[in-house]
Amino acid sequence: ASAFGFCRGVCARARAARCDGSRHRAFSLVTLPSRRRPQMLSKSVGGVPGGPFAVGRFICARATSDPPDAAAATAVAETEALVAEAGEKIRTLKASGGTNTDDAVVAGVAELKALKAKLSELQGVVDVPKTQTNPEKQSKQGGKQAEKPQASKPTQHQGKKGTGDESASAGGTSSAEEVKKVRLGKVAAIRAAGGEPFAYRFDRTAKTAVLQAEYAHLGDGKEVVGKTQAVCGRVKAKRVFGKLAFLSLEDDSGSVQLFVDKKRLDCGAGGEGSFKKIVDLVDMGDIVGGCGTVKRTEKGELSVVLDSFQILTKSLLPLPDKHKGLTDKETRYRQRYVDLIASAEVREVFKDRALIISTIRRFLDDQEFMEMETPVLESFAGGADAKPFNTFHNALGMSLTLRIATELHLKRLVVGGFERIYELGRVFRNEGLSARHNPEFTSVEVYQAYADVSDMLQLTEEMIVQAAVKVHARRTNSSDVSGLKKEIESSLQIPYGDETIHLGDRPWRRVSMNDLVLEHCGVDVLNTFHSERGGAFAGDLVACKTAAVTALRALGDKESLAGVPGVEQAQSVGHVLNEMFESVCESKLRQPTFVTNHPTEISPLAKPHRSEPGVTERFELFVVGRELANAFSELTDPVDQRDRLEAQIAGHKEAQAIQREAAAAMGKRSLQEFEMETYPLQMDDDFVTALEYGMPPTAGMGLGVDRLVMLLTNAPSIRDVIAFPLLKKIE
């Protein structure tokens, strides 16, 4: 049964091989000996070495001496692709420091050997001379051996030459430097043949996405004759079968297949040998261009059948695994260019980022806001309470800082007469790194004269929804954005991790900070302890702290207990309220929530609330437990503003004195670490002077663009949405 089964397989291979009528009209049924009696057929058959399967090998060798078509070679193609991917995986591991003893490398080599054994079985290749196992070596010798396969064996073009230089050498385990050396040899070969491996330009007629849309109706097996298309991009896969080759080409819009027929290409502008150049010199990662007609293969793959071909940029280093991409997060961030090449999903995130930023600009421009630019270098930091980066201007001989906010200069512009302005740009804070914090980040600050915080609340909600709708439309390939907006705005939902965020449930929740603390902690901080509200313990800061600490310890969870030190060091009832909110309530605000009425003590630039004592007209927007935007009715009274800033500076000094004393008690090292983190707050007298000239009633809002992109692209870390995040230097 095994013998006849093998014969049936051989005959099936023969029928699929597209033999010409003159050479292989038919195949005789040969009863093969079993594995138990190999001596029955010991002599060679048709020049193929003897053995129990000699006749089968002879039939396969003759049957496959002509090029198979794509349909018959599907199994070989899939296995060759797997061999190439396994080789790339091993090379990536070794390039990142892996050795032959590492478990991952050992497993990869075992997988590669198994796939190669399967490939040899499918191809019917036996006893292939070692001189044919390295296409690169053949290339350096002029390619003569590749062009003249032994008479009794199939050509190497059917297999390993199709996967590029690396997968055929050393079992596919070449290091990145070895691959680079081989590819530099190809660069030299291209130049020696009169070519240029780093071209100046290429005239493309259409991107791949345009072709996919234009020829979506094209039937399987059909070709558009008489109209040529020129495409270019990066080679992401390569397969060679005799006189046919297939390249997967990817540009920034999508992908298309390049269908390479030796006879047709060699008759084109490149002349004889053009096909061989693709086989010998093109690797995965190369940037290429080609011209030809559009065809949809029998398997439904849209392709460009090449009449001419050009290497535009020769890639010297191997790409990561095609399916897995870069798996190490640190490498992804450090080598973002490789991450972008390897992962279409990562590219989509940054396309969404660009769309979100352009949507914000367009939304504000449409409402007659004017974009302005303010200084990045300042004599001292202002507009927020954060540690700045310090630098020095040599020509002026003065110390400077990078801005920590754009607020105070934008308000100066409002004083100067601009009624609607915004700035979208980078801000820098010399603070810690986390999934939500990066030392440099993008923010947008908006200021509108003759408006208050309620106007900013509506503007913020509408702007975020419009950005979400645009991202949704792009992801779903919807061209009717206005119609889509009307359709989904009321039910807009986006995934974030394991949650579903309901942006369409409008208006979003509005709740005061004091009410949230009362809801989650059971302490009515302001109405009980604030000196201006006449509560039972009005003005009693000690009683307020005691009640707050008791409530936090009663809750008992890690976040609540982490707020105890902050409460104990709080300088006012307002600070106690803020500490309780941050430790208990903030992380629980998963759906969009506007937290309103912040204490005056923590809002030095906001107007006092017109009807509630002790708080300001301010809101912060929270989604998935983190702050997304901050806005208030701007303080325009210059006397009050100076008093508030002086109080903030005094409170900052007092808090630092307490922290310094605590650090000193812990030892010299702790004190040194504290001194490194401390920073002064300074009075911006020029800003107060500007207010003294008169600023109209104004509302302002600041929004973290990076966090908005995180939300709308389902990104867990801010580093995932910043192209080149700051990372610790590798020594």
Discussion item. With ring-ring contact (aromatic ring centres under 6.0 Å, His included) as the criterion, how do Phe622 and Phe581 come out once you've worked through the C-alpha distance, each side chain's angles and the decisive distance to 0.1 Å?
Written reply: CA-CA 12 Å; Phe622 287 86; Phe581 167 77; 5.5 Å; yes

Does [atom1] in [X] sit with more than 12 non-hydrogen atoms of other residues, nucleotides or ligands closer than 6.0 Å?
| X | atom1 | answer |
| --- | --- | --- |
| Lys588 | NZ | yes |
| Met676 | CE | no |
| Phe350 | CZ | yes |

Are side-chain heavy atoms of [X] and [Y] found at a separation under 4.5 Å?
| X | Y | answer |
| --- | --- | --- |
| Ile464 | Leu628 | yes |
| Val615 | Glu612 | yes |
| Val688 | Met683 | yes |
| Met695 | Lys411 | yes |
| Met710 | Asp720 | no |

Would you say [Y] and [X] are linked by a side-chain donor-acceptor pair, where the criterion is simply a distance under 3.5 Å?
| X | Y | answer |
| --- | --- | --- |
| Arg509 | Thr593 | no |
| Thr401 | Asn390 | no |
| Gln591 | His502 | no |
| Thr406 | Glu445 | yes |

Taken in chain and number order and not counting sequence neighbours, the residues that satisfy side chain to side chain contact (heavy atoms under 4.5 Å, CB included) with Ala629 are Thr460, Leu621, Met701, Leu703

### Check against ring-ring contact (aromatic ring centres under 6.0 Å, His included), Phe389 and Phe428
CA-CA 7 Å; Phe389 287 95; Phe428 310 87; 7.0 Å; no

Donor-acceptor pairs are to be reported for all side-chain atoms of residues 372-380 against protein atoms at under 3.5 Å, with residues two or more places apart or in another chain.
| unit_1 | atom_1 | unit_2 | atom_2 | d |
| --- | --- | --- | --- | --- |
| Thr374 | OG1 | Arg403 | NH1 | 3.3 |
| Thr374 | OG1 | Glu423 | OE1 | 2.5 |
| Thr374 | OG1 | Glu423 | OE2 | 3.4 |
| Glu378 | OE2 | His409 | ND1 | 3.3 |

TODO: Measure up the His652 and Tyr679 rings against each other and bin them: parallel (under 30°), tilted (30 to 60°), perpendicular (over 60°).
DONE: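 If you compare the ring of His652 with that of Tyr679, the planes turn out tilted.
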
Residues at least two apart in sequence or cross-chain that pass salt bridge (Lys or Arg N to Asp or Glu O under 4.0 Å) with Asp339, listed by chain then number, are Arg332, Arg336

